[in-house]
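First up is the structure itself, then whatever we jot down about it.
Below, chain A is the first sequence line, B the second, and so on; all start at residue 1. Every heavy atom of this structure was used, including side-chain atoms; hydrogens, water molecules and symmetry mates were not.
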Amino acid sequence: MQHVYLDHAATTPMRAEAVEAMLPFLTVRFGNPSGAHAAGRDARRALEEARDVIADALGCRPEEVVFTSGGTESDNTALGSAGEGSIVTSAIEHHAVLEPAMASGAAIASVGRDGLIDLDSLADALDDQVRLVSVMLVNNEVGVIQPLGDIAKLVRDLAPRAALHTDGVQALPWLDVAALAADAELVSVSAHKVGGPKGVGVLVVRTGTPFTPLLRGGGQERERRAGTQPVGLVAGFAAAVTATVAEREATNARVSALRDRLADGLVDIDGCVETGDRTRKVPGNVHVCFEGVDAEALVFLLEQGGVLASAGASCASGALETSHVLTAMGVLDSLARGSLRLSLGHSSTTADVDRALDVVPAAVDRLRARGGG
Amino acid sequence: MRVLCAMSGGVDSSVAAALLRDAGHDVVGVTMKLWGGASDTGCCSVSDVDDARRVAQQLDIDHHVFAFGDEFTEHVVEPYIAAHAAGRTPNPCVECNRHLKFDRLFRRADALGFDAVATGHHARVVHGPHSTWRIARGADAAKDQSYVLYMLGQEQLVRTLLPVGDRTKADVRTLAARLGLRTAAKPESQDVCFITSSAGRSGFLGRCLPLTPGVVVDASGSLVGAVDAVELVTIGQRRGLGLPGGSRTPRFVTDVDVPAGVVTVGVADDLLVDRVVVSELCWADEPVAGSVLVQCSAHGRPVGGHFDPSSSSVVWHEPQRRAAPGQAVVLYDGDQVIGGGLAALR
């Protein structure tokens, strides 16, 4: 039985144009872009062409694009740029922001029940000692979009010496990051959430922003990120971004409709609550909590029924952790234990939604008849 | 059958999974993620999960991880701490079997439609009298783990598979090596999974409990030594009591009074008692009275006694060293476990 994939927030299938864009670099155009000879210059040209495309999509200049190994490296790099200064971040950030932030003793701004940042809590934490504020544009678990414009204004007024970083990894598939993150000095994005390959991302570093490289060595990326750039991956990223931006309006409309049918169908189930405000979310996210159900068991049964989904953030051991995002939003433990995230993407179809609506209610019933699982 | 095989990352459960697969069962491997803290003992740490996953991959079976950390903390770690605070010597692996492996995991397996749960324990599930099921000692006497499975009742036994129980440990390692399993030569997990070799029991408990310094007295009440922590002292203990060296006869802890901060020592004969009171008794099937063989520690010698239901105690045929309160007292009929409980405090 072919599985229905509803975990696009975790990763996405590669777009055909991205695969095609990568192939020459996996075969004949194999030069190192730092090389002085023809093979190097050829690779360099491809790298810079891709950089231009991505810069355009992100609303920045090409020299402000730093290629990294992905969202996690971009986030870690951004957080490191606070130097010895203090950091303020939100309670619902991805671990790639929270881990380095906590290691530096960051202050945490709370969020409301809707997942939106509590601007008063943020304001309280801001002062002229703060060097970096990091708030994700879109949350990976519940899909909520933060009011980055309002946040930027607060930061300018109350923490004038702070740079604003936003983790835009989950925003890039759906939103005009160029417009929405225009006020952020540092922006993280990742290729594998938009139909590009795993292993490459970008950190936008706007000119004049204080910056500390994470990787030192051969001086690539204008001394900001050492290491031979993976031209093939970068080319794949550029192709994926181009396709994403071109199709975005149509995709968003189509996926929103699919999402609404799926979410409405699930909320119809007894003891099922939708998490967060759907009108403030990206089109692909469905997040619900089931009373009296164990999320781990639910996800297992869903797979048995041919649906691949997630209950929350995964961790290295493969077990599902209790979500810090749900806790921060004030979701009761009894509900948070039964959380389910179904995330659609550009390749999602009506049949996918049909199968999910077929499998989920039966799985929930089965588990409730057996103590939750 | 659809079998959920608990895989700890060790060689026994690795081979158990292989044997089930070879017997034609539809096997899914699972590792329970129980402890999120530091762990270097070779059971259920993040690297052990990795070992288990890689073995499952070699065997071409699916592998899942179930996060039961909350239940583990509630049913194993916290009672472990509380027991020490009360002067008992708990066996956390027994509680993990009771509450996690053969309870929480069983409920999960049932919810997911599995017919049976398997582990790598060295013990056997056999037919007892009157069409009942019983745990019996494993084929390798030196590795027998029937003791830690004493709490299993009919409901669990009917759905439990113990594939390596009829093999010796050496056989298991040989089979693992022949299958090319990466865990064939992995050392056995020692000690408790949530206590690191560096911190030890005292380091762990010291972080969770205020440890009480105590005095060591002899039977007449005379002061003979001191200890840093009465909570860490066990009945029958010989060392670490601050006793003057070169004593004529060895002395052992005969009693620990945690609230009073007093450890009493005596000579070997002072340790002898005529019975052990058993609390929280459970039976494999029907309660039993009369002659039984009893084991009071994981590697202890089984000894004969008479179970008296009215006092819930085993009266020894011959005086025996006092069992440490909190230790499991397991009753056998020959090789078969018929029930058990915990040595009572008083």
Side-chain angles (χ1 to χ4, degrees), chain A residues 1 3 7 10 95 98-99 102 290-324 326-327 331-340 359-373, chain B residues 2-9 26-39 43-57 61-74 99-100 103-115 117 155 159 193:
Chain A
M1 167 179 49
H3 283 126
D7 201 18
H95 286 301
L98 279 179
E99 289 288 311
M102 302 298 270
F290 292 98
E291 189 76 65
V293 163
D294 197 297
E296 212 168 57
L298 181 59
V299 164
F300 189 106
L301 286 183
L302 257 45
E303 180 181 334
Q304 241 166 239
V307 175
L308 303 183
S310 162
S314 24
C315 76
S317 75
L320 295 162
E321 304 185 310
T322 39
S323 163
H324 65 288
L326 298 186
T327 305
V331 176
L332 292 172
D333 273 356
S334 61
L335 274 177
R337 295 190 74 91
S339 64
L340 180 68
V359 170
V360 175
V364 168
D365 280 347
R366 184 195 164 91
L367 292 178
R368 283 179 174 159
R370 286 166 181 74
Chain B
R2 271 191 88 212
V3 182
L4 186 63
C5 184
M7 297 177 72
S8 65
D26 175 10
V27 189
V28 171
V30 64
T31 305
M32 294 186 292
K33 186 177 174 225
L34 301 174
W35 180 245
S39 173
C43 190
C44 302
S45 70
V46 174
S47 62
D48 297 312
V49 171
D50 216 56
D51 282 340
R53 179 183 293 121
R54 296 292 291 270
V55 167
Q57 213 170 295
I61 65 176
D62 282 346
H63 177 266
H64 292 263
V65 182
F66 292 160
F68 292 153
D70 289 348
E71 286 93 335
F72 186 74
T73 299
E74 183 189 342
H99 293 288
L100 277 303
D103 184 3
R104 186 67 189 90
L105 188 62
F106 263 67
R107 282 186 278 124
R108 172 65 61 86
D110 182 57
L112 302 182
F114 287 96
D115 302 306
V117 173
E155 214 184 287
R159 292 184 297 141
C193 68

Can you give me the closest heavy-atom contact between A/G373 and B/A111, atom names plus distance?
CA-CB, 3.6 Å
Contact class of A/R368 relative to chain B, heavy atoms under 4.5 angstrom
neither
At a 4.5 Å cut-off on heavy atoms, which part of B/F106 comes close to chain A: side chain, backbone, both, or neither?
neither
Of the non-hydrogen atoms in B/F66 and A/E296, which two are nearest, and what is the gap between them?
CA-OE1, 3.2 Å
Might you work through the side-chain contact (heavy atoms from CB on, under 4.5 Å) test for B/R107 and A/D294, ending with a clear yes or no?
CA-CA 11 Å; B/R107 282 186 278 124; A/D294 197 297; over 6 Å; no
Which atoms form the tightest heavy-atom contact between B/D110 and A/R366, and what is the distance?
O-NH2, 3.1 Å
Over all atoms of both residues, closest heavy-atom pair of B/R108 and A/A297:
NE-CB, 3.7 Å
